[in-house]
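Written below as structure tokens is the structure these notes are about.
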Amino acid sequence: MERNNKSKYEILVDLAKRRGIFWPAYEIYGGVAGFYDFGPVGLSIKNNIINEWRYHLIHSVDVNVLEIETPIITPRIVLKASGHEDHFTDPITECKSCGRVYRADHLIEEAINKKVEGLSMEELWKIIHEHNIRCPECGGELTKPKPALLLFKTEIGPYKGTKAYLRPETAQGMFINFKNLLNIARNKLPLGIAQIGRVGRNEISPRQGLLRLREFTIMELEFFFDPEKSYEEVMNILEKRKELRNERLNILTAKDKLEGKEETQTYTTIELIEENIVTNPWMAYWMAIGNKFLREIGIPINKIRFVEKLPEEKAHYSEQTFDQEVFTEKYGWFEVAGYSYRTTYDLRRHIEYSKADLTFFKRYEKPKKVKKKKIAPNPAKIKEIAGEKFPSVMKALSEMDKEHLLSELENNGYVIIQDVKIPESPFYVKEEEVLVHGEKIIPHVVEPSFGLERILYVVLENSLHITSDQKIVLKLPYRVAPYMVAVFPLVTGTKPEHVKMINLAKKIKEILISNRITVYYDEEGSIGKRYVRADEIGIPLAITVDYQSIEDNTVTIRYRDTREQKRIHIGEIIKEILSHFK
RNA sequence: GCGGCGGUCGUCUAGCCUGGACUAGGACGCCGGCCCUCCAAGCCGGAGAUCCCGGGUUCAAAUCCCGGCCGCCGCACCA
């Protein structure tokens with residue numbers, strides 16, 4: 001795989017710039033770490049990956065998934081509710097003599113062996129003082145911890161704006177809109193809400209090119225379901241989808257990690273559920289879908305694994321998390337997707353902060369007859385007891401929770417309102433039998449979340465091949481290739497037959513384009529050079545118009561991966577091309 | 001953020017140590033022309049470099065010194 005003694009990574013970075021895939025952003029001003037531009041070829045591949053994701057995670061799944069788009073700029077309250085404002089901040093302390101920077105809480109935990117997570121900066125500072133904690137590298141004095149917020153700050157409105165952040169994930173848009181989408185889905189669970197969009201994370205030190213960006217694209221799905229039904233629902237699907245049931249996933253569990261194991265074990269989807277590897281069956285379902293998605297965009301199965309996060313590694317919202325990792329030549333195993341069981345965390349938090357009703361009304365199969373006590377005050381009698389305080393007592397009574405009032409009276413035989421002791425007698429209490437048709441539940445959530453640029457990188461790395469004659473061929477899966485087909489005239493001279501050849505090639509290009517086939521047309525340089533250019537950006541097929549073409553309306557079609565060619569009639573071109581994109 | 005190493009046409013690089021004839025050289029790529037039967041052909045011509053940026057030393061800086069930016073590696077960080 002060596003080409004002039006260069007690594008695959010270096011070859012790819014060169015290629016990416018030369019051929020318009022990607023390059024560092026703001027280059028003419030010296031560049032800014034963590035930001036990349038994408039060229040026409042890169043963008044085309046990205047869009048194709050997005051469409052494959054849509055196919056695998058939205059259109060071809062066995063459940064209802066709806067795609068939405070919500071703003072990037074997010075009012076502070078939303079990320080307060082989601083827990084990001086608190087948890088996306090790390091307390092940082094710096095060594096005064098050597099300048100090394102540490103996570104203050106981690107340092108303290110190591111030094112005094114006590115959990116200090118969630119303590120304020122002041123409290124951490126106090127502990128550092130009391131225990132005389134110093135720089136573990138040079139023994140120098142430490143500075144007072146300060147929060148390093150990884151959210152990008154901004155303001156809404158140019159004058160006295162309200163504080164806002166760039167979203168660090170697209171997920172909150174789905175939680176906020178849960179009720180809207182539930183209505184649109186006509187109140188049916190399970191329900192998936194998907195979003196593909198840009199996010200910002202103000203990383204302390206981004207490196208590793210496309211793999212660690214400050215602004216990137218997330219393809220995310222929030223899947224809402226009733227936990228009591230998840231086993232049955234998933235089993236019904238797997239009954240029908242045998243290939244999905246038997247999809248093989250390479251798994252490294254948290255338990256195995258704690259035992260020091262590094263080798264993955266292979267489980268089928270059904271085994272993940274039956275052996276309780278996943279804490280909810282939907283986790284297994286989406287992991288299987290994600291496994292299949294990556295395989296189909298060109299990642300070999302032996303380079304895909306799922307690694308369960310240890311309790312202390314998990315995000316604040318997650319009950320269980322698996323990272324989906326791909327093996328890269330340069331960085332080893334690298335996370336490209338995460339699967340989190342977020343339970344009711346996010347909806348609960350948004351209910352709490354917004355007071356909105358984000359519940360699902362779960363209808364019983366048969367309405368339940370429930371005996372229900374009703375209570376109402378008798379104003380005349382209350383006036384007798386309360387006297388002057390009557391208006392304020394009545395007001396307080398009307399604002400009081402009726403259930404609470406009932407239980408107080410039942411337990412104590414009286415209730416004290418506005419310092420007035422009221423016995424049971426001034427209340428009308430009536431027992432009624434009512435039909436209850438269902439109850440409000442907060443759905444549980446499983447979230448598969450994919451980093452598009454990371455996926456782009458691993459797809460490119462896995463597609464990169466160097467031929468024995470040192471040429472680059474990007475063997476992209478057909479469906480993610482930047483163009484479906486290249487069209488070339490064999491020669492581009494000025495003789496009448498050359499002109500005919502060029503005109504025929506251009507005509508074929510137009511016919512293909514009008515049939516929605518993406519075409520790369522090129523008549524510059526020799527035919528060999530044009531094949532190389534097409535191979536380098538991974539165009540899987542090439543149509544060449546030659547001397548014979550202008551005699552008998554046949555062309556040659558060349559296959560990128562084998563360099564083989566066959567001759568077909570012009571009328572067969574579209575059918576031949578499309579047969580490879582099914 | 002710390003330490004080490006590095007940054008020269010689109011790409012790869014020569015030159016830097018030992019400052020001056022460097023108008024910064026080459027290769028590939030790119031553009032124009034000639035030629036034209038299938039895998040980077042050949043010939044002719046051309047465009048293309050803030051020598052990463054800023055400051056300093058010097059008569060003179062791509063070259064030496066300082067600061068910054070960016071990249072790579074290690075440490076730290078990475079809901």
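All chains are named by letter (A, B, ...) in the order of the sequence lines, taking the proteins before the strands, and each is independently numbered beginning at 1. All figures in this text were calculated on a predicted structure; none of them were measured in a lab. Below, all heavy atoms of this structure are taken into account, side chains as well, without hydrogens, waters or symmetry copies.
- Atom-to-atom, CD of A/Glu564 to P of B/C38 comes out at 18 Å; the value is rounded to the nearest Å.
- For A/Asn177 (side chain) and A/Gly173 (main-chain N/O), a donor-acceptor pair under 3.5 Å exists by modelled atom type.
- Minimum interatomic distance between A/Tyr331 and A/Gln208 (heavy atoms only, all atoms of both residues): OH-CA, 3.1 Å.
- For a distance-only test at 3.5 Å, the side chain of A/Arg530 fails to qualify as a donor-acceptor partner of the base of B/C39.
- Closest approach to the A/Arg212 side chain among B/C38, B/C77, B/C72 is made by B/C77 (side chain taken as heavy atoms from C-beta onward).
- Residue A/Tyr26 is classed as having no contact, given no heavy-atom separation below 4.0 Å to the nucleic acid.
- Within 4.0 Å (heavy atoms only), A/Thr492 reaches at least one base atom of the nucleic acid.
- A/Gly493 comes within contact range of at least one nucleobase, with a heavy-atom separation under 4.0 Å.
- Legend: residues meeting side chain to side chain contact (heavy atoms under 4.5 Å, CB included) with A/Ala542, ordered by chain and number and at least two apart, are A/Ala486, A/Phe488, A/Tyr531, A/Arg558.
- Distance CH2 (A/Trp23) to C1' (B/U11): 14 Å, rounded to an integer number of Å.
- Comparing B/C70 with B/U58, their C1' atoms are spaced 29 Å from each other, to the whole Å.
- Contacts of residues 442-453 of chain A with RNA chain B (heavy atom under 4.0 Å): none.
- Sorted by first then second residue, the salt bridge (charged side-chain N to carboxylate O under 4.0 Å, His left out) pairs that include residues 163-172 of chain A, not counting sequence neighbours, are A/Glu169-A/Arg342.
- Salt bridge annotation for A/Lys80-A/Glu85: present, with a cationic side-chain nitrogen under 4.0 angstrom from a carboxylate oxygen.
- B/U63 and B/G7 have their C1' atoms separated by 14 Å, given to the nearest Å.
- The side chain of A/Arg563 lies closest to B/C39, out of B/C38, B/C39, B/C36.
- Across the strands present, B/C59 finds its partner in B/G20; the criterion is a Watson-Crick or G-U wobble pair with both atom distances under 3.5 angstrom.
- Taking atom CD of A/Glu10 as the reference point, atom P of B/U11 lies 14 Å away to the nearest angstrom.
- Residue contacts for A/Gln208: at a heavy-atom cut-off of 4.0 Å it reaches the sugar-phosphate backbone alone, with no base atom in range.
- Among the nucleotides B/C38, B/C72, B/U37, the one closest to any side-chain atom of A/Ile527 is B/C38.
- Put simply, CG on A/Asp469 is 12 Å from P on B/A41, counting in whole angstrom units.
- Side-chain atoms of A/His498 lie closest to B/C36 of the nucleotides B/C72, B/C36, B/U37.
- Using a cutoff of 4.0 Å between basic side-chain nitrogens and carboxylate oxygens, A/Lys17 and A/Glu27 are scored as salt-bridged.
- A gap of 26 Å separates the C1' atoms of B/U8 and B/G45, to the nearest Å.
- Contact of the A/Ile176 side chain with the A/Thr70 side chain is not registered, since no non-hydrogen atoms from C-beta on lie closer than 4.5 Å.
- By the 4.0 Å N-to-carboxylate-O rule, A/Arg533 lies close enough to A/Asp522 to be salt-bridged with it.
- Between B/G10 and A/Lys17, no contact under 4.0 Å exists linking OP1 or OP2 to a side-chain N or O.
- Going from the C1' atom of B/G32 to that of B/U37 covers 25 Å, rounded to whole Å.
- One C1' atom belongs to B/C53, the other to B/C69, and the distance between them is 7 Å to the nearest Å.
- Listed in residue order, the members of residues 569-576 of chain A having a heavy atom less than 4.0 Å from RNA chain B come to none.
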Show me the protein contacts with nucleotides 50-56 of chain B, counting only N or O atoms at under 3.5 Å.
| residue | atom | partner | partner atom | Å |
| --- | --- | --- | --- | --- |
| B/U50 | O4 | A/Ile28 | O | 3.3 |

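- Judged as a side-chain hydrogen bond (donor to acceptor under 3.5 Å, both in side chains), and not counting sequence neighbours, the contacts of A/Tyr559 are A/Glu576.
- No donor-acceptor contact under 3.5 angstrom links the side chains of A/Thr343 and A/Glu319, judged on distance only.
- For residues 490-500 of chain A, the set of pairs meeting the side-chain hydrogen bond (donor to acceptor under 3.5 Å, both in side chains) definition, not counting sequence neighbours, comprises A/His498-A/Tyr547.
- Separating the P atom of B/G26 from that of B/A76 is a span of 47 Å, rounded to the nearest Å.
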For nucleotides 25-34 of chain B, print each protein N/O atom paired with a nucleotide N/O atom at under 3.5 Å, atom names and distance only.
| residue | atom | partner | partner atom | Å |
| --- | --- | --- | --- | --- |
| B/C30 | OP1 | A/Arg533 | NH1 | 2.6 |
| B/C31 | OP1 | A/Glu524 | OE1 | 2.4 |

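- Neither OP1 nor OP2 of B/C38 sits under 4.0 Å from any side-chain N or O of A/Thr556.
- Scored by the side-chain hydrogen bond (donor to acceptor under 3.5 Å, both in side chains) test, A/Thr264 finds no partners at all (sequence neighbours excluded).
- Nucleic acid contact for A/Pro168: base, since at least one base atom lies under 4.0 Å from a heavy atom of the residue.
- In terms of position along RNA chain B, the nucleotide closest to A/Gln565 lies nearer the 5' end than the nucleotide closest to the other residue of the pair A/Gln565 and A/Glu203.
- Side-chain atoms of A/Tyr9 and A/Glu329 form no donor-acceptor pair, as typed in the model, at a separation below 3.5 Å.
- Minimum atom distance to the side chain of A/Asp14 is reached by B/C12, of the listed B/A40, B/C72, B/C12.
- Residues satisfying the ring-ring contact (aromatic ring centres under 6.0 Å, His included) test with A/Phe178, not counting sequence neighbours, are A/Phe224.
- Side-chain proximity of A/Tyr547 to B/U37, B/C39, B/A41: nearest is B/U37.
- Taking side-chain N and O atoms only, A/Lys495 has a distance below 4.0 Å to OP1 or OP2 of B/C36.
- The gap from the P atom of B/A24 to that of B/A62 amounts to 10 Å, rounded to the nearest Å.
- Residue A/Lys309 is out of contact with every strand shown, counting any heavy-atom pair closer than 4.0 Å.
- Look at NZ on A/Lys500: it is 17 Å from P on B/U37, rounded to the nearest Å.
- Here, B/G74 and B/G10 have their P atoms 30 Å apart, quoted to the whole Å.
- Counting only residues at least two apart or in different chains, salt bridge (charged side-chain N to carboxylate O under 4.0 Å, His left out) contacts with residues 448-468 of chain A comprise A/Lys46-A/Glu453.
- For A/Thr328, there are no side-chain hydrogen bond (donor to acceptor under 3.5 Å, both in side chains) partners, not counting sequence neighbours.
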query: Under the side chain to side chain donor-acceptor pair (under 3.5 Å) criterion, do A/Thr544 and A/Asp546 qualify, and how do the steps go?
result: CA-CA 6 Å; A/Thr544 303; A/Asp546 59 14; over 6 Å; no

